[in-house]
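Okay, so here's the structure we're looking at.
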Amino acid sequence: MGKIVAIYGSPRRNGNTAVLLRQAVAGARAVNADVVEVVLRDMRISPCLEIYGCKEKGRCSIQDDFQGLHDLFLESSGVMLASPIFFYAVSAHTKIMMDRCQALWVKKHWIDAVPMGQLRPRGKGLFISVGATKGRKLFDGALLTVKYFLETLDLVLWRSLLYRGLDFEGEVHRHPQYLEESYETGKEFARALFNGTKEQVG
Ligand SMILES: Cc1cc2nc3c(=O)[nH]c(=O)nc-3n(C[C@H](O)[C@H](O)[C@H](O)COP(=O)(O)O)c2cc1C
């Protein structure tokens, strides 16, 4: 069985997205998935400096905690990503991690010359997000970013769990149905990844 990497993208250790992702991780582990948890706020990851040290070998030349994450992405066929909505986008912690994946983009499109837009999915992504307000377009910006990020890793966005109207830390505990949904989705995600179950993409 392959690996799943679960990325906690909130600056809050016990924020709403963290609680939801923990549920999804528990669900995936309940069906024996191998899940590695990564808490971005505890890592030392520089923003992309756009120096293109990656042009040579497709590996970022900045030596920090992203290096381990790079390897983990290559070993994993599933990514569970949780980020709150900050200014209609993903959190800064999440975006900094994503930008460092430009090294993978360079490897694919510049070094290996894979044509842009050519999808070659090898796995799946699950996105979990939360915002305080309730607008229709609340998740639009983040979703576009997440889809493109996953595509860079050769993963397809399998499902998104998006919850509106949650602001204060731990508020999500007032919605046991969200916790249950995340747990069950974590299970389904692992099954879809590793049992070859046909699942709807989107
Ligand atoms: C810097 C910042 C920007 C935010 N921007 C938005 C926003 O654009 N729309 C929104 O609905 N909520 C916004 N929020 C609220 C968070 O999305 C909300 O508190 C969420 O529950 C935080 O998730 P977490 O507990 O997992 O960190 C913002 C919060 C912060 C701190």
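Indexing begins at 1, ligand by ligand and atom by atom, following the structure's order.
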Is it the case that the side chain of Q67 and the backbone of C60 share a donor-acceptor pair, with hydrogens and angles ignored and the cut-off at 3.5 Å? yes
Output for ligand 1, non-hydrogen cut-off under 4.0 Å, lists S10, R12, G15, N16, T17, P84, I85, F86, F87, Y88, V130, G131, A132, T133, L138, L166, D167
Is any side-chain N of the basic residue among R22 and E37 closer than 4.0 Å to the acidic one's carboxylate O? no
Value for CG (L166) from CZ (R164), rounded to nearest 0.5 Å, stands at 11.0 Å
Do any pairs count as a side-chain hydrogen bond (donor to acceptor under 3.5 Å, both in side chains) and have a residue in residues 112-122, sequence neighbours left out, and if so which ones? K107-D112, R120-D154
How about Y148 and W105: are their ring centres within less than 6.0 Å of each other? no
Just by modelled atom types, is the L162 backbone N or O under 3.5 Å from a matching donor or acceptor in the S160 side chain? no
